[in-house]
Undergrad: 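First, the structure itself, so that you have it in front of you.
Just follow the structure's listing: the first ligand is 1, and inside any ligand the first atom is 1.
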Amino acid sequence: MSNEDRNITWQASSLSRQDRENNNGHHSRTLWFTGLSGSGKSSIAFALERYLHEQGVRSYVLDGDNVRHGLNKDLGFTAADRQENLRRIGEVCKLMVDAGVLVLSAFISPHDSDRAMVRSMFEPEDFIEIYVRCSIEECERRDPKGLYKKARRGEIPHFTGISAPYDVPQSPSFIIDTEQCTIEEAVQDIIQHLQQIGALHLPLKSGSVLTS
Ligand SMILES: Nc1ncnc2c1ncn2[C@@H]1O[C@H](COP(=O)(O)OS(=O)(=O)O)[C@@H](OP(=O)(O)O)[C@H]1O
Ligand SMILES: Nc1ncnc2c1ncn2[C@@H]1O[C@H](COP(=O)(O)OP(=O)(O)O)[C@@H](O)[C@H]1O
């Protein structure tokens, strides 16, 4: 049904995203971290958030476990539920980008089709996919929440990498191999990549206004 048929009208603010970016002195974007459970998405996203915060960049982590505590507490881990989980997250990321925030989104997002669906919600430069690469063997060795052990015992259905698939991203913007670098190195590598593609300009000057 169209929005018109649903009696829904878009209410525009007198402030634009550009106004908000100018106030902040940096661009807003979605950094989309994808990878197996235990690959390091949350650890890297939270470390990056702290680093950006200290540099005066408004950023915020949306994390799989956390979003499933509230907004998406009605969803499980079937393919259909993961798709709806990621669709809602994509919409939240869009709102946050409009609000001028650099969003750090950390979800397994195992299916190519779901990542493509979220990507299609954004202008190309606004969605930056970062593949957090780590072998299933190493993720299972780390097992920070004991979930792999439970999954091996058959106690968690549809567990990514064990009883549900993970499609390796074919053309991510950036790859972090967490078997080859520390969390701190990952943060610095991501910052460098963001600067190289013009998504971030550090150090920020106080009161700076974006020109590009
Ligand atoms: N079946 C199954 N498969 C994978 N993960 C599971 C599952 N059940 C619970 N968990 C926990 O949920 C976290 C993943 O949620 P996501 O929202 O990121 O998943 S998805 O993107 O919708 O696939 C995931 O967090 P991370 O370990 O941070 O990836 C787990 O803590
Ligand atoms: N280079 C690394 N990058 C990220 N995490 C690492 C790295 N090396 C070891 N780890 C550890 O691996 C675990 C990753 O867990 P987590 O960040 O929750 O992953 P995910 O969010 O992908 O499930 C943490 O215990 C972290 O300390």
Undergrad: What ring-ring contact (aromatic ring centres under 6.0 Å, His included) pairs are there with at least one residue in residues 139-193, not counting sequence neighbours?
TA: Tyr148-Phe159, Phe174-His193
Undergrad: So, regarding Ala106 and ligand 1 (criterion: nitrogen or oxygen to nitrogen or oxygen, under 3.5 Å), is there a contact or not?
TA: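 In fact, backbone or side chain, Ala106 has no N or O that close.
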Undergrad: Using modelled atom types only, decide if a donor and an acceptor are shared between the side chain of Arg68 and the backbone of Asp63 within a distance under 3.5 Å.
TA: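 No.
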Undergrad: Show me which atoms of ligand 1 lie under 4.0 Å from any heavy atom of Ser37.
TA: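 Within the 4.0 Å cut-off of Ser37, ligand 1 contributes 26 (P), 27 (O), 29 (O).
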Undergrad: How far is atom 16 (P) of ligand 1 from its nearest protein heavy atom, and which residue and atom name does that atom have?
TA: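 For atom 16 (P) of ligand 1, the nearest protein heavy atom is Arg68 NE, 3.6 Å.
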Undergrad: Residue-level breakdown please: for Asp81 versus ligand 1, do any non-hydrogen atoms fall below 4.0 Å on the side chain, on the backbone, on both, or on neither?
TA: neither
Undergrad: For atom 14 (C) of ligand 1, find the nearest protein heavy atom and state the residue, atom name and distance (0.1 Å precision).
TA: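 Ranking protein heavy atoms by distance from atom 14 (C) of ligand 1, first comes Ile108 CD1, 3.6 Å.
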Undergrad: Quick one: does Thr34's side chain get under 4.5 Å of Ser109's, heavy atoms only?
TA: yes
Undergrad: Please list the nearest protein heavy atom to atom 2 (C) of ligand 1 with its residue and the distance rounded to 0.1 Å.
TA: Phe159 CD1, 3.4 Å
Undergrad: Near Arg50 CZ, under 6.0 Å, is it more than 12 heavy atoms from other residues, nucleotides or ligands?
TA: no
Undergrad: Is Ser39 touching ligand 1 with its side chain, its backbone, both, or neither, if touching means heavy atoms under 4.0 Å apart?
TA: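 Ser39 to ligand 1: no contact under 4.0 Å from either part.
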Undergrad: Does atom CD of Glu155 have more than 12 heavy-atom neighbours from other groups under 6.0 Å away?
TA: yes
Undergrad: Who are the ring-ring contact (aromatic ring centres under 6.0 Å, His included) partners of Phe122, not counting sequence neighbours?
TA: Phe127
Undergrad: Under 4.0 Å from ligand 1, counting heavy atoms only, is it the side chain of Leu147, its backbone, both or neither?
TA: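 Just the side chain.
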Undergrad: Counting only heavy atoms closer than 4.0 Å, does ligand 1 sit against the backbone of Thr160, its side chain, both, or neither?
TA: both
Undergrad: Counting non-hydrogen protein atoms only, what is the nearest one to atom 21 (O) of ligand 1? Give residue, atom name and distance.
TA: Ser109 N, 2.8 Å
Undergrad: Is there a donor-acceptor contact under 3.5 Å from the side chain of Glu138 to the main chain of Ser135?
TA: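 No, because the side chain of Glu138 does not come within donor-acceptor range (under 3.5 Å) of the backbone of Ser135.
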Undergrad: In terms of atom number and element, which parts of ligand 1 are under 4.0 angstrom from non-hydrogen atoms of His158?
TA: 1 (N), 2 (C), 3 (N)
Undergrad: At less than 4.0 angstrom from any atom of ligand 2, which residues have a non-hydrogen atom? List them by chain and residue number.
TA: Leu36, Ser37, Gly38, Ser39, Gly40, Lys41, Ser42, Ser43, Ile44, Arg142, Pro144, Thr178, Cys181, Thr182, Ile183
Undergrad: Side-chain heavy atoms under 4.5 Å apart, restricted to Ile/Leu/Val/Met/Phe/Trp/Tyr: what other residues fall into the cluster of Leu15, or is it alone?
TA: none
